[in-house]
Amino acid sequence: MDSNEATTSESVSKKRGKTKKVKRKVKPDEAPVQEMDQAEGEETEKKSVSGPCFPPTFSVSEIKNKQRRHAMFLKLKEEKRKQKLELKKKKKKERKALGDQAPPKEVPKTIENQRIYDETTVNPEDEEVAFDEGTDEFSAYFSRLTNPKVLITTSDRPRGRTVRFCEQLATVIPHAHVYYRRGLALKRVIPQCVSRGFTYVMVINEDRKVPNGLVLCHLPDGPTAHFKVSNVRLRKEMKRRGKDPTEHVPEVILNNFSTRLGHSIGRLFAALFPHDPQFVGRQVATFHNQRDFIFFRFHRYIFKNEKKVGIQELGPRFTLKLRSLQKGTFDSKFGEYEWVHKRHEMDSSRRKFHL
């Protein structure tokens with residue numbers, strides 16, 4: 001047993017000695033390796049100082065680190081902005097040097113000016129359009145035979161924000177009355193409004209204490225339009241707003257209602273207000289259509305001189321999106337629809353609009 005233990009200990013000691021000898025041989029070679037590492041570090045530092053060199057096909061999305069990718073994206077964006085400003089200044093100097101001989105400015109491409117042509121676009125001088133205007137449901141208003149009288153109501157059990165929105169709408173629309181119905185069906189409200197001489201019923205719907213829908217029914221023969229309401233801002237929520245509006249009849253501006261459908265929607269809005277505005281009040285109600293979104297603004301203006309006009313927003317402001325247009329008065333079951341918004345149309349395009 002003693003002889004075996006001695007042989008194993010001698011073999012282990014020999015192995016240890018061999019490993020130690022190998023380490024001693026490696027030690028003198030460590031100095032040049034360290035020198036090489038320092039030289040490579042100096043080269044990398046020089047490269048980093050000169051700036052990153054990316055191949056021509058490099059994309060920021062190839063950077064896997066999120067923070068580095070975001071920083072590189074901001075850097076590239078700033079460089080593009082500077083190049084754009086320099087090009088703009090250069091073109092401005094060239095136009096100033098040329099004077100009257102300068103070429104016309106390039107018109108930027110937008111979704112509006114690249115809109116797909118619609119066959120239903122209205123020509124104001126068309127005889128067919130003039131005949132339809134003389135015989136439609138709004139002809140009595142435009143011929144000044146009737147004056148508008150609007151009833152503003154809400155859905156059942158409205159919340160405070162919806163109530164305040166209705167009250168502020170009543171100050172914008174002349175001859176408007178607010179009525180809070182309590183479980184009364186709209187089909188029962190309409191005959192009572194017709195008997196009392198109302199020309200419109202406006203219903204404000206809400207969801208989660210926020211106004212989200214508007215039903216506008218023209219009396220006595222319709223039509224009825226249903227809108228989605230969004231971006232409602234009351235007067236207290238607006239910055240730099242003016243004083244509360246006066247009781248003067250405002251002017252009405254309708255922008256970009258170019259198709260047959262948009263023409264009928266524009267006449268629907270126009271018939272809400274009396275035909276003869278009172279220019280002394282200097283108040284304007286604007287319905288601006290852009291990409292089938294209808295933006296409502298209410299302003300007061302003042303002429304500072306022959307060229308400058310001061311504008312002060314009075315509020316409220318909101319955005320409408322047409323969902324459906326129905327013939328006749330409100331009838332959810334048996335009503336005949338002229339137009340219904342379809343979310344998933346086969347020919348849907350960003351450059352195709354309906355209003």
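Numbers here are sequence positions counted from 1. Below, all heavy atoms of this structure are taken into account, side chains as well, without hydrogens, waters or symmetry copies.
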Trainee: Strictly distance-based, threshold 3.5 Å: is any side-chain N or O of R95 a donor or acceptor partner for the main-chain N or O of P103?
Mentor: yes
Trainee: Write down the atom of H354, the atom of D292, and the distance for their closest heavy-atom approach.
Mentor: N-OD2, 2.9 Å
Trainee: Check side chain to side chain contact (heavy atoms under 4.5 Å, CB included) between P274 and all other residues, then give those that pass, not counting sequence neighbours.
Mentor: P148, P174, H175, V249
Trainee: Are the charged groups of R81 and E78 less than 4.0 angstrom apart, N to O?
Mentor: yes
Trainee: Taking atom CG of D136 and atom NE2 of H218, what is their separation to the nearest 0.5 Å?
Mentor: 9.0 Å
Trainee: Is E237 salt-bridged to R161, going by a charged N under 4.0 Å from an acidic O?
Mentor: yes
Trainee: Is there side-chain contact between V172 and Q168, with at least one heavy-atom pair below 4.5 Å?
Mentor: no
Trainee: What heavy-atom pair brings C166 and T153 nearest, and what distance separates the two atoms?
Mentor: SG-O, 4.4 Å
Trainee: Got T120 and L261 here, is their nearest side-chain heavy-atom distance under 4.5 Å?
Mentor: no
Trainee: Sorted by first residue and then second, give each side chain to side chain donor-acceptor pair (under 3.5 Å) pair with at least one member in residues 294-307; sequence neighbours left out.
Mentor: E251-Y301
Trainee: What's the spacing between F138 CZ and E133 CD if we round to 0.5 Å?
Mentor: 11.0 Å
Trainee: Could you grab the distance from atom CE of M238 to atom CG of L234, nearest 0.5 Å is fine?
Mentor: 9.5 Å
Trainee: Does one hydrophobic cluster hold both L216 and L151, with members joined at side-chain heavy-atom distances below 4.5 Å?
Mentor: no
Trainee: Walk me through whether F273 and I173 qualify under side chain to side chain contact (heavy atoms under 4.5 Å, CB included).
Mentor: CA-CA 6 Å; F273 299 85; I173 303 171; 4.2 Å; yes
Trainee: Is it true that L184 and L186 fall in one hydrophobic cluster, defined by side-chain heavy atoms closer than 4.5 Å?
Mentor: yes
Trainee: Transitively linked via ILVMFWY side-chain contacts under 4.5 Å: L74 with M72?
Mentor: yes
Trainee: Is the shortest heavy-atom distance from the side chain of F295 to the side chain of H288 under 4.5 Å?
Mentor: yes
Trainee: Just verifying a value: how many Å separate C217 SG and Q326 CD, rounded to the nearest 0.5 Å?
Mentor: 8.0 Å
Trainee: Is the backbone N or O of R157 less than 3.5 Å from a side-chain atom of Y180, with the two atoms forming a donor-acceptor pair by type?
Mentor: no
Trainee: Tell me, do F269 and L254 make a side-chain contact under 4.5 Å, heavy atoms counted?
Mentor: yes
Trainee: State whether the number of non-hydrogen atoms from other residues, nucleotides or ligands found under 6.0 Å of H177 atom NE2 is greater than 12.
Mentor: yes
Trainee: Test side chain to side chain donor-acceptor pair (under 3.5 Å) on R267 and S139; report intermediate values, then the result.
Mentor: CA-CA 10 Å; R267 288 170 69 84; S139 58; over 6 Å; no
Trainee: State, with a plain yes or no, whether a side-chain heavy atom of N212 is found less than 4.5 Å away from one of S230.
Mentor: no
Trainee: Is E79 atom CD crowded by more than 12 heavy atoms from other residues, nucleotides or ligands, each under 6.0 Å away?
Mentor: yes
Trainee: Is there any ring pair (Phe, Tyr, Trp, His ring centres under 6.0 Å) pair reaching into residues 142-171, and which pairs are they, with sequence neighbours excluded?
Mentor: F165-F318
Trainee: Minimum heavy-atom separation for P250 to F298, with atom names?
Mentor: CB-CE1, 3.8 Å
Trainee: May I ask whether F303 and V284 are part of the same hydrophobic cluster, defined by side-chain heavy atoms of I, L, V, M, F, W, Y residues being less than 4.5 angstrom apart, directly or through others?
Mentor: yes
Trainee: Donor-acceptor pair, distance only, cut-off 3.5 Å: does the side chain of N289 make one with the backbone of N255?
Mentor: no
Trainee: Measure the CG-CZ distance between L219 and F330 for me, rounded to the nearest 0.5 Å.
Mentor: 13.0 Å
Trainee: Do you know the tightest heavy-atom contact between E128 and R260?
Mentor: OE2-NH1, 4.3 Å
Trainee: Before you tell me yes or no, could you show the steps for L320 and F296 under side chain to side chain contact (heavy atoms under 4.5 Å, CB included), namely the whole-Å CA-CA distance, both residues' side-chain angles and the distance that decides it to 0.1 Å?
Mentor: CA-CA 8 Å; L320 300 175; F296 175 81; 5.8 Å; no
Trainee: Closer than 3.5 angstrom, by distance alone: can the side chain of S59 be matched with the main-chain N or O of E62 as a donor-acceptor pair?
Mentor: no
Trainee: How far does CD1 of I294 sit from CD1 of I265, to the nearest 0.5 angstrom?
Mentor: 6.5 Å
Trainee: Should R317 and E313 be marked as a salt bridge (Lys or Arg N to Asp or Glu O under 4.0 Å) after you check the CA-CA gap, both sets of side-chain angles, and the distance that decides it?
Mentor: CA-CA 9 Å; R317 63 163 67 172; E313 189 172 0; 2.6 Å; yes
Trainee: Can I get a per-line list of side-chain donor-acceptor pairs under 3.5 Å for residues 188-207, giving both atom names and the distance, sequence neighbours left out?
Mentor:
unit_1, atom_1, unit_2, atom_2, d
S195, OG, P191, O, 3.4
S195, OG, Q192, O, 2.7
T199, OG1, K149, N, 2.9
T199, OG1, K149, O, 3.2
Y200, OH, L268, O, 2.6
E206, OE1, R159, N, 3.3
E206, OE1, T162, OG1, 2.4
E206, OE2, R159, N, 3.3

Trainee: Under 3.5 Å, is there a donor-acceptor pair linking the side chains of H248 and T246?
Mentor: yes
Trainee: Closest approach of G242 and Q312, non-hydrogen atoms and distance?
Mentor: CA-CD, 3.4 Å
Trainee: I'd like to know if the side chain of Y179 and the backbone of T154 have a donor-acceptor N/O pair within less than 3.5 Å.
Mentor: no
Trainee: For S143 and A140, which heavy atoms make the closest approach, and how far apart are they?
Mentor: OG-O, 3.2 Å
Trainee: Run the salt bridge (Lys or Arg N to Asp or Glu O under 4.0 Å) test against D244 and tell me which residues pass, sequence neighbours left out.
Mentor: R241
Trainee: Considering residues, nucleotides and ligands other than N147, do more than 12 of their heavy atoms fall under 6.0 Å from its CG?
Mentor: no
Trainee: Side chain to side chain contact (heavy atoms under 4.5 Å, CB included), that's the test. Do H263 and F257 meet it? Break it down for me.
Mentor: CA-CA 5 Å; H263 196 61; F257 293 93; 5.8 Å; no
Trainee: Would you say that V60 contacts L76 through its side chain, given a criterion of any heavy-atom pair below 4.5 Å between the two side chains?
Mentor: yes
Trainee: Report whether I152 and V252 are members of the same hydrophobic cluster (ILVMFWY, side-chain heavy atoms less than 4.5 Å apart, transitive linking).
Mentor: yes
Trainee: T319 and V229: side chain to side chain contact (heavy atoms under 4.5 Å, CB included), yes or no, with the steps?
Mentor: CA-CA 6 Å; T319 306; V229 181; over 6 Å; no
Trainee: Once side-chain hydrogen bond (donor to acceptor under 3.5 Å, both in side chains) is applied, do any residues pair with K187, and if so which ones, sequence neighbours excluded?
Mentor: D331
Trainee: Before accepting this row, confirm whether a basic side-chain N of the pair E336/K327 lies closer than 4.0 Å to the acidic partner's carboxylate O.
Mentor: yes
Trainee: Are N123 and V129 side-chain neighbours, meaning at least one heavy-atom pair lies under 4.5 Å?
Mentor: no
Trainee: Any side-chain heavy-atom pair from K321 and F227 closer than 4.5 angstrom?
Mentor: no
